Asks: 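Just passing along the structure, written as structure tokens.
Here is how names work: the chains are called A, B, and so on, in the same order as the sequence lines, proteins then strands, and each is numbered from 1. A quick note: this is a predicted structure, and the numbers were derived from the prediction, not measured.
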Amino acid sequence: MSASYVLPDKPLVVIERSAAWASMNFRGLWAYRELFYFLMWRDLKVRYRQTVLGATWAILQPLLTMLIFTYFFGRLVKVPSDGIPYPIFAYAGLVTWSFFSSAVSLGSNSLLANSGVIAKVYFPRIIIPAATVSATLVDFGITLVLLAPLMLYYGYALSWSFVLLPFFIVLTALFALAVGMLISAFAVRYRDALYATPFLIQIWFFMSPVIYPSSLVPPSHRWLMELNPLTGIIEGFRAVLFGRPLNWSPVLFSVAFPMVLLIYAAHRFRKAERTFAEFI
Amino acid sequence: MRRPIVRVQGLTKQFIHTTRDKEFVHTARGGAFGPSDTLKEALSHAARAPLRRFRGARPAGTVAALTDVCFEVEPGEILGIIGPNGAGKSTLLKILARILEPTSGRAELYGRVASLLEIGTGFHPDLTGRENIYLNGAILGMKRREINNRFDEIVAFAEVDRFLDTPVKRYSSGMFVRLAFAVAAHLDHEVLILDEVLAVGDLRFQEKCIGKFDEITKSGRTILFVSHSLASVTQLCGNAILLMGGEIQRRGPAAEVVDYYRMVSGSELARA
């Protein structure tokens, strides 16, 4: 910069106490998009550095889980799987679940993990959980690589309905982001949230139709399962993959609830953001 | 007087400190949860709220970190900010860096502000020098294009070319600090806020740093410089403000403010 810098008429930034209602500041987010990219890139680089297996770790987790569950639940307990071969039924559920649970675990810890930069530099803090969830999305992409050969092996062909898959993926990501944002903002002030999260995720696993179909649950109780947005998402994901009819009402709920939660989470996060640096 | 590039009006920052936990100082926003550390304490604090009213409990103490601070900085000015510990200098910088919110008052920034409250912010030990340059640069507010353009200069300044692709956890502390400083020294923002990040490393590198600092000041950039080194402030700054107890006690030419500070503190150490 040289002396030729021209002062703008209006200030670039005005610093004052925020109004009670927190605006979303989309323009600010766009201005910091490069930082978002860098934080995501950093998460990915660091994750597999100094490992021998590298990115294959991303596949191993759902794969091994699938093998174990296939033995215990597919063979021994003989859980029904809507007529789909159990291994691939489970894998499709596990892949989505792995993504959601990692995104929520990492996302809910993301602010605390980045306490250094939060205390020293300004940027819209929402970038942090967003970058963490996006990095996990890349891992998810890697797990999908195994899905294609598995589908072919079991005789399922690609179909035009696959165009709906990204929709479910993005929906899961947004839902995980909303949950992650709420927990991480809460955890900045009350560390209890960190201890509760792994427990919450464990319970959530059993409440979602990951390794069993929702048809296993008697119709009178099924509405309880459908209150969980993951039910609509996972069943929808499987329906599209295996060419089954889509059950619209749980899917619609799984769109509406996460969206509302996301808006609420963004608002609460923006409000809490103002004092992160004081508590972190 | 020319139009300012930074204008601060009536900036006030108050922290609440709880009677329960004296070290815990923060801003009360009147949210659902009182000033507590764990959820249990928050819930019990809330549960006892009606009782507190009956017992006429003491309000928590308030720490007035800054009170009605007003000043303006002209473009190209180098303003020193001095004062004893606890005077509010860091709080002021953090507010201008948008890390804390003021309780009341306003600051207007007419240029891009880079705040260097520490060097090496965001450095990750597992990443290489090259990767950390990009990461740190991005965190400090540089665009990728800017970092690309200045990459070679940064590496040359830090003198780490041979180790660019080694993880920084393997760097000596000197190398680490040189790299961090090198990135910070190549920021392009119109206003720089420096919190005593001057002259790090060994003697030779310190001279490089001072040279770079000279270059920056002569480039016409605006600098807000917080330091305890009164000699540096007198030497480098045009004007200065003295903060004591959260208020500006004196402002004017640096030498004058420094002398006033020395006189007011009256201690041996002030002659540093």
Asks: Counting C-beta onward and ignoring hydrogens, is there a side-chain heavy-atom pair between Phe276(A) and Ile99(B) closer than 4.5 Å?
Replies: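 Sidechains of Ile99(B) and Phe276(A): no contact.
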Asks: Using a strict threshold of under 4.0 Å (side-chain N to carboxylate O), is an ion pair present between Asp139(A) and Arg47(A)?
Replies: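 Between Asp139(A) and Arg47(A) there is a salt bridge, with a charged N closer than 4.0 Å to a carboxylate O.
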Asks: Using non-hydrogen atoms and a 4.5 Å limit, figure out which bit of Pro75(B) sits close to chain A: side chain, backbone, both or neither.
Replies: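 Side chain of Pro75(B) only, per the 4.5 Å heavy-atom cut-off to chain A.
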Asks: Is the Phe123(A)-Phe36(A) ring centre distance short of 6.0 angstrom?
Replies: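 Not close enough - the centres of the two rings lie 6.0 Å or further apart.
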Asks: Is chain B contacted by the side chain of Ala119(A), its backbone, both, or neither, given a heavy-atom distance below 4.5 Å?
Replies: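 Looking at Ala119(A), just its backbone touches chain B.
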Asks: With respect to chain A, which residue among Gly122(B), Ser115(B), Gly111(B) yields the maximal number of heavy-atom pairs within a distance under 4.5 Å?
Replies: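 Most heavy-atom pairs under 4.5 Å with chain A: Gly111(B).
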Asks: In terms of heavy-atom pairs under 4.5 Å, which option from Ile118(A), Leu35(A), Asn114(A), Leu39(A) contacts chain B the most?
Replies: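 Looking at each option in turn, the highest pair count goes to Leu35(A).
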Asks: Quick check on Thr128(B) against chain A: is it the side chain, the backbone, both or neither that has a heavy atom closer than 4.5 Å?
Replies: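 Contact with chain A is through both the backbone and side chain of Thr128(B).
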Asks: Strictly below 4.0 Å, N to O, side chains only: are Arg221(B) and Glu77(B) in salt-bridge contact?
Replies: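 Glu77(B) and Arg221(B): not salt-bridged.
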Asks: Less than 4.0 Å between a side-chain N and a carboxylate O, is that true for Glu273(A) and Lys271(A)?
Replies: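 Salt bridge absent between Lys271(A) and Glu273(A).
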Asks: Check each atom of Ile95(B) against the heavy atoms of chain A and say whether the ones under 4.5 Å are side chain, backbone, both or neither.
Replies: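 Both backbone and side chain of Ile95(B) come within 4.5 Å of chain A.
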Asks: Check Arg7(B) with Glu72(B), please: is the shortest side-chain N to carboxylate O separation under 4.0 Å?
Replies: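 Yes.
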Asks: What residue, out of Gly76(B), Ala138(B), Ala107(B), has the most heavy-atom pairs lying under 4.5 Å from chain A?
Replies: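 With the most close heavy-atom pairs to chain A, the winner is Ala107(B).
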Asks: Check each atom of Glu131(B) against the heavy atoms of chain A and say whether the ones under 4.5 Å are side chain, backbone, both or neither.
Replies: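 Answer is both: backbone and side chain atoms of Glu131(B) are under 4.5 Å from chain A.
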